[in-house]
Amino acid sequence: MVKEYLTVSHIAGPLVLIEETSGIKYGEIAEIELATKEVRRGRVLEVTGDKALVQLFEGTTGLNVYQSRVRFLGKGIELGVSTDLLGRIFDGLGRPIDGGPKIIPEERIDINGNPINPTARDYPTEFIQTGISAIDGMNTLVRGQKLPIFSGAGLPHPQIAAQIARQAKVLGKEEKFAVIFAAMGITFEEANYFITDFRRTGAIERAVLFVNLADDPAIERIATPRLALTCAEYLAFEKDMHVLVILTDMTNYANALREISAARKEVPGRRGYPGYMYTDLSTIYERAGRIKGKEGSITQIPILTMPEDDKTHPIPDLTGYITEGQIILSRPLHRKGVYPPIDVLPSLSRLKEKGIGKGKTREDHGDVTNQLFACYAKGKEAKELAIILGEAALTELDKLYAKFSDRFEEEFLAQGEEENRSIEETLDLGWKLLTMIPTSDLKRIRDEYIKKYLKQESPKSEVQRPKSE
Amino acid sequence: MKKEARIIKVSGPLVVAEGMEKARMYDMVRVGRMGLIGEIIEIKEDKASIQVYEETSGLGPGEPVETTMAPLSVELGPGLMSGIYDGIQRPLDIIRDKTGSYITRGITLPAVNRKKKWDFIPLVKKGDEVRAGDILGTVQETPLVVHKVLVPPGIEGEIRVIKKGKFTVTQAIAKVKTSSGLKEIRMLQKWPVRMERMVQKKLPPEVPLVTGQRVIDTFFPVAKGGTACIPGPFGSGKTVILHCIAAWADADIIIYVGCGERGNEMTDVLLEFPKLKDPKTGRPLIERTIMIANTSNMPVAAREASIYTGITIAEYYRDMGYNVAVMADSTSRWAEALREISGRLEEMPGEEGYPAYLGTRVAEFYERAGRVICQGTKNREGTLTVMGAVSPPGGDLSDPVVQATLRTVKVFWALEDRLAYMRHFPAINWLNSYSLYLDNVETYLGKEIASDWMKLRNIAMAILQEEDSLQEIVRLVGREALSPREQLVLETAKSIKEDYLMQDAFHEVDVYAPLAKQYRMLKVILELHRSSKHALEKEVPLEKLLTLKVRERIARMKYIEKKDIKEFDSIEREIKREIESLVERKE
């Protein structure tokens with residue numbers, strides 16, 4: 001029989017203290033029954049002697065010290081999994097909200113998961129074609145990677161995430177593919193955008209959605225990404241599916257974490273976030289990857305909005321230290337009307353090198369990328385110089401680079417929301433732009449590739465072109 | 001009445017137990033029914049605070065705690081090499097065979113294989129007098145590493161029995177008559193991780209650790225037995241540099257500690273190192289590498305222990321007379337683990353919530369590096385080089401961990417994200433970085449490579465310095481305001497940056513530049529500068545000098561293979577020819 005405690009003694013923020021308990025374990029689930037018979041769930045955060053501190057996911061509004069009944073379930077939060085989860089929509093704690101039937105689980109899995117043994121991991125090397133040149137060409141995504149999108153308020157990150165979910169594929173293969181979408185504290189409209197888009201394209205059939213909206217309890221968000229990843233691990237490593245997990249918005253998650261930490265009166269780290277936030281975030285992000293001997297994979301695209309577009313804010317900062325690169329969106333590009341406004345210079349995919357090249361994309365990919373980066377960076381520098389000193393101060397070569405960077409943004413970065421470019425198209429586009437630059441300046445590209453791929457007009461005539469226009 | 005030791009509080013990785021009268025500081029304990037491994041970090045009367053090295057969910061008050069009465073120790077002996085361990089030296093590959101792809105709890109496995117038999121070849125004979133640190137014999141641990149079996153600390157006397165043949169690590173291979181009786185010696189030894197292993201004497205480092213990275217070897221060298229740190233924001237390439245050094249540095253043994261970093265990075269090392277070949281012997285690098293992997297999502301307390309585990313193993317191999325290098329990636333994560341535990345102990349926080357003893361701990365760790373005379377009668381020399389990555393929030397160097405580290409280490413490789421965005425790798429800033437070993441290694445380099453090595457380095461450095469101040473003028477008034485000589489300096493600095501400092505870690509030839517090649521490359525660039533300057537004095541127009549054909553060859557000289565080193569002669573001749581013809585036409 002499960003014991004019921006009527007010994008709630010203290011309520012503060014999302015935290016409830018229960019006294020005179022016995023046999024309570026750290027991390028187990030507690031159910032609190034309110035006077036209204038409503039049941040809320042929470043997790044044991046600390047046990048000291050006979051006192052247990054519980055963090056309630058649905059908040060403590062309406063909770064009363066004398067009339068609340070507490071039951072401890074002796075286990076952690078679990079998700080009942082089965083392939084029937086596909087095509088369904090759940091709330092932030094895994095309860096169906098699409099009016100569909102209850103899930104009959106094949107098994108129940110603790111949502112906290114266990115760390116993957118580093119020796120069991122398989123290194124991600126399979127190129128994923130997203131159809132977006134700024135990602136495929138410059139910051140390539142590979143299967144099993146965790147690549148966040150650092151965005152800002154008002155930037156089109158939902159569109160980019162949806163476009164990736166729609167277009168992502170591994171070349172030359174037809175495999176079982178699933179999208180898991182976890183929303184934390186986003187608005188109804190944003191969530192609706194994704195759901196509508198998934199419905200429109202039929203992607204909903206192979207998607208699982210966990211939705212915690214802005215007006216849902218904040219503390220529930222602590223569980224939402226973990227539910228999503230438990231589901232992902234099940235589909236990837238037991239059902240051999242390739243799973244793309246989109247987590248949005250991690251900023252709201254981190255703020256919920258801060259809320260609990262503040263309620264516990266812990267010593268705060270930077271900007272009030274708890275000192276263990278790095279470890280906590282890593283237990284989410286590190287659940288991406290591949291495992292040796294298993295077919296499936298988990299690729300993660302967490303989205304976070306940087307407060308004040310500040311990359312050094314603790315949330316993007318700690319995220320960047322855990323994830324394998326980052327895609328950074330830029331407000332100036334967005335203002336210029338470039339979609340997707342991906343700022344390729346500070347963006348980075350750490351797993352790119354092993355996912356590109358001969359047999360994966362094309363032999364010249366690495367060199368072309370490096371050259372485009374270098375030229376674009378030079379062009380931007382030249383343009384900055386022109387702002388200070390005026391265009392007259394630029395050398396002919398500098399002007400050429402400035403022109404290059406404009407065309408790079410307009411032709412290479414910019415593309416339609418529905419435009420799905422193949423990697424060959426992306427690379428050829430890169431070569432086309434590189435014809436603007438004198439061959440002797442293409443220091444990053446091996447001669448053999450220059451001979452093979454650079455076939456357009458001679459650079460001489462290009463030098464004069466800016467003048468004739 | 002004696003109270004039984006039992007848990008009274010569980011808060012994350014921290015557990016408090018009462019009834020711990022026998023507990024001693026830093027003893028290892030077994031916590032709860034699952035027997036999780038923990039270490040005592042604070043004692044108040046009969047209550048002991050324990051940091052638990054495994055996930056604590058499911059643990060509750062009332063569960064038993066058992067002290068082992070021994071400090072946290074590592075096992076040392078043949079069989080460590082090529083291994084991968086977690087922060088408290090549990091073999092991850094064997095755990096995987098036992099429990100599958102995920103790490104579960106309460107597993108205890110010996111770090112060193114007990115069953116494997118090693119071919120022991122004695123180097124001493126019956127009747128020899130030996131003392132701690134002397135080599136009893138050797139075992140071929142891997143094709144690259146000869147494991148020297150040493151007389152353990154505290155033993156001194158006469159060899160009575162010495163065996164030859166195949167033994168496991170727990171079988172006696174020798175008996176020594178000491179003043180306190182006959183002692184059996186086995187290949188397996190234990191050593192507490194928080195204690196520095198003894199040496200006879202420390203010496204100042206003199207020989208550079210050659211890494212094959214031009215910016216490091218030429219401009220900011222680290223000596224064998226020295227310490228270095230790489231602070232930088234994310235994405236600036238700390239890990240790539242550490243991987244390159246681990247792969248190419250001319251150390252005999254590499255210990256790579258992945259401390260709170262990405263799982264895939266450890267996998268990368270695990271998959272790459274068996275394929276990469278040691279430049280000297282052609283054998284796979286994994287045969288001289290030991291990895292400690294405590295990724296960010298693995299228990300935080302074990303992360304705190306991981307760097308000590310790594311450096312203790314490193315000291316053990318140093319004692320055999322090897323040049324050992326330890327890479328710790330990243331010490332910031334280690335410091336954060338320290339902060340988390342400190343916070344849970346409710347200690348008064350210092351800067352940024354880090355405990356007040358952060359600086360002391362950092363200094364203690366780096367001080368375990370050094371060039372030493374090892375224990376024993378033979379006065380063997382061994383070195384232990386320590387390189388630590390630091391990951392300051394937002395790349396801000398005022399971070400307490402960076403500051404504590406800079407107070408201790410002698411080499412500072414300043415990584416900059418601005419350089420990384422320009423795809424200038426390694427993104428080590430040449431103006432902010434420093435090495436305090438330049439004087440130490442000057443004699444060696446002058447003798448082994450070229451007598452003017454340090455002179456060339458200093459000229460190049462001066463050009464880079466001058467370029468920096470000239471750039472300031474350019475930004476204000478434009479390039480035209482500079483004299484031709486100054487413009488030439490800009491051009492040469494650009495060449496040093498692009499053709500010398502930049503190095504492609506993913507290019508098969510460029511990834512490693514031997515010292516001889518580094519010297520020739522730098523010499524070519526400076527030779528062009530010197531003769532161009534001379535030509536300017538003869539009133540050769542600058543434009544002519546900037547469009548010399550040889551510049552294209554210089555841009556590609558980083559791809560010259562070791563066997564084609566003669567090509568540098570031909571480049572030098574071409575510089576001379578081209579410039580001379582310009583000067584002649586002028587005259």
Side-chain angles (χ1 to χ4, degrees), chain A residues 22-28 46-50 76 112-124 237 266-270 275-276 278-279 282-283 286-287 289 291 294 311-312 314 317 320-322 324-326 345-346 348 351 353 366 370 373-374 377 385 388-389 393 395 440 443, chain B residues 8-12 16 55-62 84 92-93 95-96 100-104 233-235 258 260 262-264 266-268 270-271 293 295-298 300 333 336 339-340 343 349 352-353 391 393-396 417 420-423 475 478-480 498 506 552 555-556:
Chain A
S22 70
I24 307 301
K25 309 290 184 202
Y26 174 74
E28 75 175 296
E46 191 176 304
V47 271
T48 312
D50 64 351
N112 286 312
N114 279 316
I116 301 178
N117 189 326
T119 60
R121 277 183 188 271
D122 205 356
Y123 201 75
F237 302 133
E266 290 172 334
V267 178
R270 277 201 309 149
Y276 50 80
Y278 176 82
T279 310
S282 76
T283 58
E286 277 288 334
R287 288 171 83 174
I291 292 182
K294 308 258 181 175
K311 194 162 64 86
T312 65
D317 191 53
Y321 275 123
I322 304 166
E324 285 134 355
Q326 66 277 338
L345 293 183
L348 171 75
L351 304 183
E353 309 295 340
N370 281 336
F373 267 125
L385 207 64
I388 306 170
L389 298 171
T395 63
S440 62
K443 286 187 185 178
Chain B
I8 55 170
K9 175 178 173 171
V10 185
S11 167
V16 182
E55 171 61 40
T56 52
S57 22
L59 218 55
I84 174 160
L92 286 169
D93 43 349
I95 289 182
R96 176 177 164 236
S101 308
Y102 294 96
I103 298 173
T104 46
F234 63 81
R262 304 175 182 92
N264 276 334
M266 296 316 293
T267 312
D268 188 24
L270 270 176
L271 296 178
T295 57
S296 54
N297 56 341
M298 281 158 77
V300 67
R333 306 298 162 224
E336 277 166 16
R339 172 168 72 182
E340 183 169 344
E352 298 260 351
S391 323
D396 173 13
D417 46 1
Y421 298 161
M422 289 158 60
R423 295 304 185 264
R475 269 192 291 273
R479 203 176 168 122
E480 285 64 41
E498 290 182 3
F506 299 95
E552 205 150 317
R556 298 194 181 270

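Below, chain A is the first sequence line, B the second, and so on; all start at residue 1.
- Contact check for A/Pro124 versus B/Asn264: side-chain heavy atoms found under the 4.5 Å cut-off.
- For the options B/Pro349, B/Ser391, B/Gly353, heavy-atom pairs under 4.5 Å to chain A are most numerous at B/Ser391.
- No side-chain heavy atom of A/Arg121 sits less than 4.5 Å from a side-chain heavy atom of B/Thr295.
- Contacts of A/Glu286 with chain B are made by both backbone and side-chain atoms, with heavy-atom separations under 4.5 Å.
- Top candidate by heavy-atom pairs under 4.5 Å with chain A, chosen from B/Gly258, B/Gly100, B/Gly235, B/Ala293, is B/Gly235.
- For chain B, the nearby parts of A/Asp122 are the backbone and the side chain; heavy atoms of each come within less than 4.5 Å.
- Distance check: A/Glu28 CD to B/Ser57 OG gives 10.5 Å after rounding to the nearest 0.5 Å.
- Rounded to the nearest 0.5 angstrom, B/Asn297 CG and A/Asn112 CG are separated by 12.0 Å.
- With a 4.5 Å cut-off on non-hydrogen atoms, B/Pro393 touches chain A through its backbone and its side chain both.
- No other option in A/Gly366, A/Gly320, A/Gly275, A/Ser440 has as many heavy-atom pairs under 4.5 Å with chain B as A/Gly320.
- In this structure, A/Pro118 and B/Ile103 have side chains that are in contact, with non-hydrogen atoms separated by less than 4.5 Å.
- Chain A forms the most heavy-atom pairs under 4.5 Å with one residue out of B/Glu352, B/Arg475, B/Arg262, B/Met266, and that residue is B/Arg262.
- To the nearest 0.5 Å, atom OG1 of residue A/Thr279 and atom CD of residue B/Glu340 are 5.0 Å apart.
- Contacts between B/Arg339 and chain A at a heavy-atom distance below 4.5 Å involve the side chain alone, from C-beta outward.
- Of the two parts of A/Ile388, only the side chain, counted from C-beta on, holds a non-hydrogen atom closer than 4.5 Å to a non-hydrogen atom of chain B.
- Expressed to the nearest 0.5 Å, how far CG of B/Leu271 lies from OH of A/Tyr123 amounts to 9.0 Å.
- Taking B/Leu270, B/Val300, B/Asp268 one by one and counting their heavy-atom pairs under 4.5 Å with chain A, the maximum is reached by B/Asp268.
- Of all heavy-atom pairs between A/Lys443 and B/Glu498, the closest is NZ-OE1, 3.4 Å.
- Highest contact tally toward chain B, considering only A/Thr283, A/Asn370, A/Ile322, A/Val267, is held by A/Ile322 [criterion: heavy-atom pairs under 4.5 Å].
- For a residue to count as touching a neighbouring chain, one of its non-hydrogen atoms must lie under 4.5 Å from one of that chain's; by this rule A/Ala120 touches chain B with backbone and side chain alike.
- Between chain A and the residues B/Ala420, B/Gly58, B/Gly343, the most heavy-atom pairs under 4.5 angstrom are made by B/Gly58.
- The closest side-chain heavy-atom distance from A/Asn117 to B/Tyr102 is not below 4.5 Å.
- Taking 4.5 Å as the limit, every side-chain heavy atom of B/Leu59 sits out of range of all side-chain heavy atoms of A/Val47.
- For a residue to count as touching a neighbouring chain, one of its non-hydrogen atoms must lie under 4.5 Å from one of that chain's; by this rule B/Leu92 touches chain A with backbone and side chain alike.
- Panel note: side chain A/Tyr278, backbone B/Gly260; a donor-acceptor pair is recorded below 3.5 Å.
- Each of A/Asn114, A/Thr395, A/Leu385, A/Asp317 has some count of heavy-atom pairs under 4.5 Å with chain B, and the biggest count is that of A/Asp317.
- The OH atom of A/Tyr276 sits 13.5 Å away from atom CD of B/Glu336, with the distance rounded to the nearest 0.5 Å.
- One distance of note links CG of B/Asp396 with CZ of A/Arg270; it measures 8.0 Å at 0.5 Å rounding.
- For a residue to count as touching a neighbouring chain, one of its non-hydrogen atoms must lie under 4.5 Å from one of that chain's; by this rule B/Val10 touches chain A with backbone and side chain alike.
- In terms of heavy-atom pairs under 4.5 angstrom with chain B, the leader among A/Thr312, A/Thr119, A/Ile116 is A/Thr119.
- Here A/Gly49 is the residue among A/Gly49, A/Gly27, A/Ala377, A/Ser22 with the most heavy-atom pairs under 4.5 Å with chain B.
- A/Pro115 approaches B/Met298 most closely through the heavy-atom pair CB-CG, 3.8 Å.
- Looking at A/Gln326, only its side chain comes within 4.5 Å of chain B, counting heavy atoms on both sides.
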